[in-house]
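Start at 1 with the first residue, then count along the sequence.
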Amino acid sequence: KAAALLGRIITSMTVGRFEKQNRLYFQSKSTSICVVESASEYPDVRRIIPSGHGDVITVDTDALIGAIESTCIMSDDAYRSINLDISDEKITITAIGTNSTSRSVIPCMCDCVIKIRINSTYLLQALKSMNSAETFIKYFSITAPVMFMPADYKQWNERLDIIMPLSGE
């Protein structure tokens with residue numbers, strides 16, 4: 001099903017299946033990709049999410065994306081990490097580089113104090129796929145993944161991105 005969809009989206013690509021080897025292939029003029037088709041179920045990733053209530057932050061998705069993009073340029077570590085300091089109804093995003101530091105501040109709705117370091121690349125991928133004006137950020141602790149959900153979905157279990165923080169307080 002996914003192979004057929006990719007074939008329609010990328011018109012200059014051939015999509016096929018090797019029946020005996022249970023593999024899909026994608027081929028264009030310059031690229032060939034072969035992947036193993038899995039018959040098993042995906043693992044239940046929700047089991048790593050703590051039960052109960054964590055801190056919930058509501059933020060404008062586009063404002064957060066813009067702030068991260070303009071700030072993470074200065075991050076020069078392997079993870080393109082940024083610090084998120086959340087308190088007093090604002091998120092302060094900081095990236096520390098070898099020669100300089102960049103900082104952005106945006107408003108949010110929260111009733112908590114959180115300090116985490118997170119991979120900006122993963123965070124931007126999650127936020128850009130939200131298709132929502134606002135995003136809920138749900139935080140439990142430094143040992144649990146941070147959850148990102150579109151605020152306008154009726155049920156939080158319809159769409160969920162999780163990112164493990166690199167460090168925090």
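Between the side chains of T61 and S132, no donor N or O sits under 3.5 Å from an acceptor N or O. Side-chain polar atoms of S81 and N119 form no donor-acceptor pair below 3.5 angstrom.
Note that CD1 of I68 and CD1 of I106 are 7.0 Å apart. Values are rounded to the nearest 0.5 Å. Of the inter-residue distances, the one linking I116 atom CD1 with L166 atom CG reads 9.0 Å to the nearest 0.5 angstrom. The CD1 atom of I91 sits 4.5 Å away from the SG atom of C108 when rounded to the nearest 0.5 Å. M74 contributes atom CE, which lies 4.0 Å from atom OG of S100 (distance to the nearest 0.5 angstrom).
Nearest heavy-atom pair, D76 versus I96, reported as atom, atom and distance to 0.1 Å: OD1-O, 3.9 Å. Between R80 and C72, the shortest heavy-atom distance links the atoms NH2-SG, 2.8 Å. Across P107 and V59, no two heavy atoms sit closer than the pair O-CG2, 3.8 Å. Taking every heavy atom of both residues into account, V105 and K90 meet most closely at CG1-CD, 3.7 Å.
By the 4.5 Å heavy-atom criterion applied to side chains, M149 and M130 are not counted as neighbours. Two residues are said to be in side-chain contact when any heavy atoms from C-beta on lie closer than 4.5 Å; F140 and M147 meet this criterion.
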